[in-house]
Amino acid sequence: MPDTPTVVATPRSRVRVPLRFQDGYEADAELVTFHGLADGQEHVAVVLGEPGPVPLVRLHSECLTGDVFGSARCDCGPQLREAVERIADRGGVLLYLRQEGRGIGLYNKLDAYALQDEGLDTYEANAALGLPEDARDYTAAAQMLRALGIGELDLLSNNPDKADQLRTLGVDVRDRIPTGVFTTAHNVRYLRAKVLQTQHTLPLAALTELSAG
C-alpha cells in the first residue's frame, strides 16, 4: 500500500472540452493536467457539473479496448459513459488514469486475453505472465485530488481497493457508491472473477447463473 505522497502536484493547464458519446449524451467538461505527479504519467482530471464540498469522484483506469473500441470483454466503456453522466448530474471529477490493463500495459493485457481464451481468468492470466494481479497505485490520484482542493469525496466504484488506497493516502472517502452492472456474453467470467478475487461490489449469484448458462 502506498504512503501519503510528500511531493505536491499542481494544476498545469485547464481547458473546456464538450463531450459527446455514441448514444448522443453530451456533457461540458473541464480537463485539468498536472505538474509533479509521482509516477510521471499524463493523467487527466475531468471536472463535470458543479462540484460541491463532497463531490462524486471516479478513478477510471484507461482501457483502450473498452473505452475507445467498445470491447465487450470488459465493462470499462459502459462504466466510463455512466460515470460521466452521474458525475455531471451531481458535480464532481473523473480521474482518467493511464493504467491500462490494471497497470500492466496494453500489450501485456492483450497477451493476458489470449491466456483467458485458453481458460484462465483475468487474474490467473496476469500471474501466468509473471505480472501482478493488479499493479495500480493511486498515489498520483491522491495528488490530483489535493491539487483540485478535494479532501473528502464519495467514490463511484465497485472496487474496495480504490477506497482503501485513497484512505491510506489521506483522502477521506465518505462513501463508496457502486456502478451499474454491465454484462455481455463475453465479460461474465471476467466480472465474476472480480467478485471472487478482489471483492468487487457486483451480484455474484446473477453472474454465476449467467456464466453457467
Subject >> Side-chain touch L95/V93, heavy atoms, less than 4.5 angstrom >> reply: yes
Subject >> Distance-minimising heavy-atom pair for A125 and Q116 >> reply: CB-CG, 4.0 Å
Original post:
After noting the C-alpha distance and the side-chain angles of R58 and Q79, does the key distance pass the side-chain hydrogen bond (donor to acceptor under 3.5 Å, both in side chains) rule?
Top reply: CA-CA 10 Å; R58 174 164 175 77; Q79 282 188 325; 3.0 Å; yes
Original post:
Hey, are R86 and T179 close enough side-chain-wise for a donor-acceptor pair under 3.5 Å?
Top reply: no
**OP:** Would you check if there is a donor-acceptor pair between the side chains of D137 and T139 at a distance under 3.5 Å?
**Re:** yes
**OP:** Output the distance between atom CG (D161) and atom CG (L59), rounded to the nearest 0.5 Å.
**Re:** 10.5 Å
**OP:** Identify the two heavy atoms, one from H60 and one from C76, that lie closest to each other, and give their separation to 0.1 Å.
**Re:** CE1-O, 3.2 Å
Original post:
In Å, rounded to the nearest 0.5 Å, how long is the span from OG of S157 to CZ of R176?
Top reply: 6.0 Å
Subject >> Nearest-0.5 Å distance that lies between atom CG in L115 and atom CG in N126 >> reply: 9.0 Å
Original post:
Hey, does the side chain of Q143 reach the backbone of A38 with a donor-acceptor pair shorter than 3.5 angstrom?
Top reply: yes
Original post:
Quick one: does R73's side chain get under 4.5 Å of D117's, heavy atoms only?
Top reply: yes
Original post:
Counting heavy atoms not belonging to R20, are there more than 12 under 6.0 Å from its CZ?
Top reply: no
Subject >> Euclidean distance, D164 CG relative to Y138 OH, rounded to 0.5 Å >> reply: 11.0 Å
Original post:
Are the side chain of H43 and the backbone N or O of R98 linked by a donor-acceptor pair below 3.5 Å?
Top reply: yes
Original post:
Do you know which two heavy atoms are closest between L64 and E100, and how far apart they sit?
Top reply: N-OE1, 3.0 Å
Subject >> Validation row: I150, E152 side chains within 4.5 angstrom (heavy atoms) >> reply: no
**OP:** Output, in order, the C-alpha distance, side-chain angles, deciding distance and verdict of side chain to side chain contact (heavy atoms under 4.5 Å, CB included) for R16 and D28.
**Re:** CA-CA 7 Å; R16 304 300 303 189; D28 187 40; 2.7 Å; yes
**OP:** Apply the test side chain to side chain contact (heavy atoms under 4.5 Å, CB included) to residues L153 and D172: give CA-CA distance (whole Å), side-chain angles for both, the deciding distance (0.1 Å), then the verdict.
**Re:** CA-CA 6 Å; L153 55 87; D172 184 1; over 6 Å; no
**OP:** Show which residues join I177 in its hydrophobic cluster (side-chain heavy-atom contacts under 4.5 Å, direct or indirect), or state none.
**Re:** V15, V17, L19, F21, Y25, L31, V44, V46, L48, L56, L80, V84, I87, L94, Y96, L156
Original post:
For the hydrophobic clusters of this structure (ILVMFWY residues joined by side-chain heavy atoms under 4.5 Å, transitively), does one cluster hold both L129 and Y107?
Top reply: no
Original post:
Should the heavy atoms of other residues, nucleotides or ligands under 6.0 Å from CZ of R167 be counted, would the total exceed 12?
Top reply: yes
Subject >> Distance-minimising heavy-atom pair for P132 and I104 >> reply: O-CG2, 4.1 Å
Original post:
Which distance, rounded to the nearest 0.5 Å, do you find between the CD of E124 and the CD of E118?
Top reply: 12.0 Å
Original post:
Without hydrogens or angle criteria, can the side chains of R136 and S61 be said to hold a donor-acceptor pair below 3.5 Å?
Top reply: yes
Original post:
Can you name the closest pair of heavy atoms from G180 and E82 and give their distance?
Top reply: N-OE2, 2.9 Å
Original post:
Do you know the tightest heavy-atom contact between T65 and Y113?
Top reply: OG1-OH, 3.7 Å
Subject >> Co-membership, hydrophobic cluster, residues V57 and V173, 4.5 Å side-chain >> reply: yes
Subject >> Spatial distance of atom NZ (K162) from atom CG (L97) [nearest 0.5 Å] >> reply: 7.5 Å
